[in-house]
Amino acid sequence: MEDVPKVEIEKVYEPKNVEDKWNSFWIDRNYFHAAKSSDKPPFTIRYKRMKGFNTLWVPGTDHAGIATQTVVERELRKEGIQRQDLTREEFIKRVWEWKELYGKRIIEQLKKLGASCDWSRERFTMDEGFSLAVKEVFVRLYKEGLIYRGHYLVNWCPRCGTALSDLEVAREDTKGRLYYLKYPLIEDDKQSGSYITVATTRPETMMGDTAVAVNPKDERYKNIIGKEVVLPVVNRRIPVIADEGVDMEMGTGALKITPAHDFADFEIGNKHNLPRVQIMDFKGVMNENAGRYSGLDRFKCREKIVEDFEKEGVLNRVEDYSLQLGKCYRCSTVVEPMLSLQWFVRTKPLAEPSIQAVESSKTRIIPEGWKNTYFEWMRNIRDWCISRQIWWGHRIPAWFCKDCNQITVSVDEPKACEHCSSENIEQETDVLDTWFSSALWPFGTLGWPEQTEELKTFYPTSVLVTSFDILFFWVARMMMMGLKFMGDVPFRDVYIHALVRDEKGEKMSKTSGNVIDPLDIMDDYGADALRFSLTALAAQGRDIRLSLPVIEGYRNFMNKIWNASRFVLMNLDNVGATRRVAPTGLNLSTPDKWILTKLNRTIKEVEDSLKLYEFDKVARTIYQFIWGDFCDWYIELVKPILNGDDQEAKKRTQAVLVKVLSSALQILSPIAPFITEEIYQRFREFGFGLETPDGKEADSIAISVYPAFNQNEVYEEAYGEIEFIKQVIVAIRNLRAVVGIHPSTTVKVIIIPDDKTVFEKIKANENYIISLAKASIDFSHEEKPKKAVAQVVEDLQIYLPIEGLIDVDKEVERIKREISKIVKDIELSEKKLSNQDFINRAPEEVVEKEKEKFEELSIKKQKMEEVLEKLSKVD
RNA sequence: GAGCGCGUAGCUCAGGGGGAGAGCGCUUGCUUGACACGCAAGAGGUCGCAGGUUCAAAUCCUGCCGUGCUCACCA
């Protein structure tokens with residue numbers, strides 16, 4: 001007792017005391033810094049680093065154009081300032097100031113989580129270098145004709161005051177109304193008194209109608225094709241045209257055409273050369289083309305016009321109608337299709353190679369199910385509107401000439417128009433879609449357009465880990481740009497991880513206020529507990545429901561690891577002697593062999609699962625090994641040795657303990673880096689350092705060599721033996737519980753083995769049974785006990801004699817229940833074995849296994865019946 | 001409308017043609033020389049419903065019911 005080492009370790013693991021310390025330790029030591037070039041293949045994450053790869057994780061953020069501008073504008077408004085009160089430069093300065101203050105949240109979260117990014121390479125899409133790449137890409141695409149400018153109908157957010165891409169419009173189920181409007185028919189140049197009725201959800205757009213379309217096959221309208229109707233309110237005459245695209249079943253079969261405010265109508269308008277009448281301005285307010293409604297907001301206008309129509313008899317009827325309304329994904333304002341001059345990317349030529357790359361698995365998408373979603377989008381891709389009418393973002397590098405009206409596109413600011421040499425030029429005020437710049441991330445962050453060493457080393461990257469909701473926004477577009485400008489895919493693997501939802505399964509969002517801030521969780525439970533929870537719940541193809549009880553459970557697991565380590569450390573006396581002893585050469589005990597076998601199988605399973613991105617399996621495997629095998633059994637099996645006098649055995653056990661725990665910590669380290677580092681550093685103080693790839697002692701577990709599966713440490717026989725002994729121990733504990741014996745009382749059990757091998761197996765492990773089941777064993781071959789409860793393990797009968805009274809009836813019931821369970825299984829097994837088809841058609845090993853099972857069950861049944869008979873005789 | 005996914009213990013979820021699993025919760029007993037954020041022993045399930053394929057189906061197929069998501073210009 002005197003030489004118990006002076007180990008001072010807290011009973012409960014406190015993440016707060018260690019996490020920040022190790023984070024700055026890792027970063028100061030440059031452990032996450034990637035070599036510019038290396039002969040080692042690159043990959044990300046801690047696991048690969050421990051496997052000796054040159055790893056790089058580039059951290060960074062995009063500038064979130066519209067969202068950020070919106071927030072900053074709101075801040076300014078609190079000061080009574082409108083954006084327009086400032087110059088563009090002043091405003092952008094304000095955005096940068098805001099970004100410096102609040103834009104670090106994500107980075108903070110990442111750092112706190114212990115993300116092993118190379119922080120010296122942190123990038124921001126608005127950085128100078130990255131901006132250069134953006135301009136370069138724009139210019140090249142423009143020169144190739146893949147970017148064009150034109151007057152088209154685009155999705156317009158009247159609140160944000162900018163065009164949006166198709167992806168930035170969210171469709172939402174909305175309750176609306178279907179209004180039936182009567183348009184008077186013109187005959188012989190005057191109103192005939194008859195009408196044609198059209199149905200619309202947007203009656204206010206009628207002022208922009210330039211035709212009514214019907215299906216040429218529609219008998220109802222055949223005779224009025226080519227005639228005219230007169231639009232109420234504006235009194236404009238418009239033709240009735242025929243178009244095959246009109247669905248005769250929908251509405252009235254007559255479709256009002258508003259080319260300037262509806263995408264489908266725009267197409268029909270083009271086909272028939274219809275004029276486009278724009279009836280509202282960019283704020284959604286009706287303009288002079290709206291006649292007496294001019295100046296009204298579009299929704300107010302609708303109310304008013306419906307009211308008027310009702311009075312004037314234009315309105316035939318109104319029906320409730322549910323529709324999918326497009327809304328701005330940033331502010332939920334109803335999007336308005338608007339005619340305007342915008343910049344577009346011609347996407348088809350870029351999509352083609354991106355489709356092929358995934359078809360040929362040059363890039364793999366994991367889980368595979370997402371491939372279809374990717375293909376679906378890529379194959380139906382439409383041109384991408386990339387111009388935004390905001391200030392925060394990459395200003396489009398195009399200059400308009402006021403003399404010749406031509407455009408000059410250039411990376412550097414031009415002095416004069418390249419067409420007429422006029423110096424009277426002005427830069428485009430629009431900026432680019434944020435995603436246009438994010439699309440360049442994989443090469444833009446590595447120094448492109450310069451051909452840097454980093455590009456050569458790390459492009460194509462190994463893996464992108466991301467969420468499905470930006471599969472199109474980001475992944476698809478990185479694919480297009482990567483293939484276009486680097487001639488190769490941006491990443492080999494795309495791992496689509498689960499979306500984290502709240503405990504009710506709802507998507508977290510700021511508006512519904514159910515966001516759990518990871519920083520808060522880490523504050524309460526530690527970063528490792530959060531990391532482990534997310535890993536354990538990361539089953540492929542399923543979202544994560546994050547709830548506090550789950551995190552608490554894994555916090556407890558961290559504490560368990562802490563205490564197991566505490567136990568091992570407290571038992572490391574004679575440090576010098578056991579230091580760095582490889583357990584393989586020692587005279588190992590059966591439990592030693594058993595735990596080493598388990599360890600190696602665990603390592604193998606973990607690595608196999610990692611390769612398949614099955615992170616949940618990785619977590620479960622490690623959890624089971626550390627808690628279920630190492631703590632519950634190995635430590636318990638070994639306690640008597642550590643407390644005993646056999647010095648040799650003690651040293652051997654210490655060596656195995658350290659070896660197994662170290663390896664377990666290593667495979668856990670990529671998931672729980674903080675606690676494993678803390679424990680590792682304490683082990684180092686005792687002289688148990690791990691090695692780096694070049695054979696030096698590792699200053700950090702994060703750079704130690706990941707343990708490898710070792711076939712020489714797999715001991716089948718010892719493994720089976722301990723598994724058997726475990727069953728015996730559980731059986732005895734069960735008997736104790738049934739009878740209600742106090743845990744501290746030692747009992748005597750009678751074990752009746754049928755053959756010598758079994759007897760020897762028990763005998764050899766008697767000590768373990770004694771200490772783990774608090775039982776002494778009496779091998780009485782002849783005499784079965786008079787008064788006892790019993791259990792059967794395989795062909796082994798275990799009796800616990802009873803001194804006092806037990807409820808014999810209850811015990812008989814219990815055994816009978818157990819027997820009937822066995823009988824059921826036997827019957828099932830028998831049925832199979834007597835089925836000729838089964839014998840003939842099932843694989844041999846399955847039949848063999850079934851026979852063995854039948855044997856086992858039969859023996860067990862027989863033994864149980866003996867026990868029952870015995871018990872029944874007790875009065 | 002099209003596509004994808006999910007219905008397994010009270011809850012959260014693994015598994016995935018040949019003996020129903022884990023964590024939490026629950027019951028019972030424990031200040032056990034690492035840990036009560038713990039230890040030990042238990043209870044708990046026609047694997048959504050109905051057909052089909054197969055020697056064998058919780059697992060594969062079809063349909064249905066429920067549920068979630070993504071995409072789509074249908075008035």
Side-chain angles (χ1 to χ4, degrees), chain A residues 1 4 9 11-13 171 178-180 198-202 213 245-247 249-258 262-267 321 323-324 326 337 367 369-370 372-373 376-377 380 468-469 471-472 499 501 503 505 507 525 529 536-537 539 541-547 549-550 552-571 616-617 620 623-624 628 631-632 635-636 639 642-643 730 733-738 740-744 772-774 825 828-829 832 835-843 845-847 849-850 853 856-857:
Chain A
M1 284 302 132
V4 169
I9 306 171
K11 266 178 128 174
V12 174
Y13 173 62
R171 305 267 153 202
L178 196 56
Y179 303 87
Y180 290 81
V198 294
T200 180
T201 54
R202 305 192 57 196
V246 177
D247 188 337
E249 312 295 316
M250 291 296 303
T252 60
L255 177 61
K256 68 190 266 308
I257 305 296
T258 325
D262 183 284
F263 286 96
D265 294 2
F266 183 78
E267 295 297 318
Y321 197 74
L323 65 159
Q324 297 275 315
W370 292 107
N372 281 335
T373 313
E376 170 73 15
W377 188 76
N380 299 306
F468 73 87
D469 51 358
L471 186 60
F472 310 140
L499 192 74
R501 297 171 180 277
E503 52 201 314
K507 200 167 168 172
Y525 298 96
L537 293 172
R542 192 191 268 269
D543 288 343
I544 291 177
R545 281 195 203 193
L546 199 58
S547 67
V550 169
E552 191 183 307
Y554 291 118
R555 189 269 320 260
N556 295 351
F557 176 52
M558 294 304 141
N559 193 54
K560 187 74 180 176
I561 295 162
W562 181 254
N563 275 288
S565 309
R566 182 168 177 259
F567 172 83
V568 174
L569 280 166
M570 282 163 56
N571 281 286
D616 59 322
K617 220 178 253 175
R620 271 202 313 277
Y623 185 100
Q624 166 59 30
C631 292
D632 286 351
I635 285 183
E636 297 302 327
K639 273 179 181 172
L642 295 171
N643 294 330
V730 170
R733 285 171 175 173
N734 172 271
L735 292 177
R736 299 177 57 116
V738 163
I741 291 168
H742 195 273
S744 59
L772 294 203
K774 282 239 169 197
D825 285 346
L828 226 70
S829 192
K832 271 189 187 176
N835 182 345
Q836 271 316 108
D837 285 329
F838 174 72
I839 302 289
N840 296 335
R841 298 194 193 205
E845 66 265 26
V846 172
V847 176
K849 210 175 152 198
E850 196 60 40
K853 182 174 136 196
E856 271 172 37
L857 287 168

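Only this structure's heavy atoms are used, side chains among them; waters, hydrogens and symmetry mates stay out. Per chain, numbering begins at 1; letters A, B, ... match sequence-line order.
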How about Ile561(A) and Tyr13(A): do any of their side-chain heavy atoms sit closer than 4.5 Å? no
Check whether any side-chain heavy atom of Lys774(A) lies under 4.5 Å from a side-chain heavy atom of Pro743(A), and answer yes or no. no
Could you write out each protein N or O paired with an N or O of nucleotides 18-20 of chain B at a distance under 3.5 Å?
none

Work out how far the C1' atom of C4(B) is from that of G23(B), and round it to whole angstrom. 29 Å
Base, sugar-phosphate or nothing for [X]? Non-hydrogen atoms, less than 4.0 Å.
| X | result |
| --- | --- |
| Asp632(A) | sugar-phosphate |
| Tyr321(A) | sugar-phosphate |
| Ala737(A) | sugar-phosphate |
| Phe263(A) | nothing |
| Arg555(A) | base |

Nearest-angstrom distance from the residue atom [atom1] of [X] to [atom2] of [N]:
| X | N | atom1 | atom2 | answer |
| --- | --- | --- | --- | --- |
| Ile635(A) | C39(B) | CD1 | P | 11 Å |
| Glu249(A) | G1(B) | CD | P | 16 Å |
| Met570(A) | A34(B) | CE | P | 6 Å |
| Trp562(A) | A36(B) | CH2 | C1' | 19 Å |
| Leu735(A) | U28(B) | CG | P | 21 Å |

Tell whether [X] reaches the base of [N] with its side chain through a donor-acceptor pair below 3.5 angstrom.
| X | N | result |
| --- | --- | --- |
| Lys639(A) | A34(B) | yes |
| Arg566(A) | C35(B) | no |
| Glu636(A) | A34(B) | yes |
| Gln324(A) | A72(B) | yes |

So, using ring-ring contact (aromatic ring centres under 6.0 Å, His included) as the criterion, who are the partners of Tyr179(A) when residues are at least two apart? none
For Phe472(A), enumerate each residue passing the ring-ring contact (aromatic ring centres under 6.0 Å, His included) test, keeping only those at least two apart in sequence or located in another chain. Trp377(A)
Checking Arg733(A) now: which residues fulfil salt bridge (charged side-chain N to carboxylate O under 4.0 Å, His left out) with it, not counting sequence neighbours? none
Is the distance from OP1 or OP2 of [N] to the nearest side-chain N or O of [X] less than 4.0 Å?
| X | N | result |
| --- | --- | --- |
| Asn734(A) | G42(B) | yes |
| Asn380(A) | C71(B) | no |
| Lys11(A) | C37(B) | no |

Taking Watson-Crick (N1-N3 plus N6-O4 or O6-N4) and G-U wobble (N1-O2, O6-N3), each under 3.5 Å, can you produce the dot-bracket string of RNA chain B? Use [ ] for crossing pairs and | for inter-strand ones. ((((((((.[[[[.)..(..]]]].(((((.......))))).....[[[[[..)....]]]]])))))))....
Between Asn559(A) and Pro743(A), who's closer to the 5' end of RNA chain B by nearest nucleotide? Pro743(A)
For Thr201(A) and for Phe557(A), find the nucleotide of RNA chain B with the closest heavy atom, then tell me which residue's nucleotide is more 5'. Phe557(A)
B/S/- contact track for nucleotides 4-14 of chain B, protein heavy atom under 4.0 Å: -SSS----SSS
Under 3.5 Å donor-acceptor, Arg501(A) side chain and Leu546(A) backbone: no
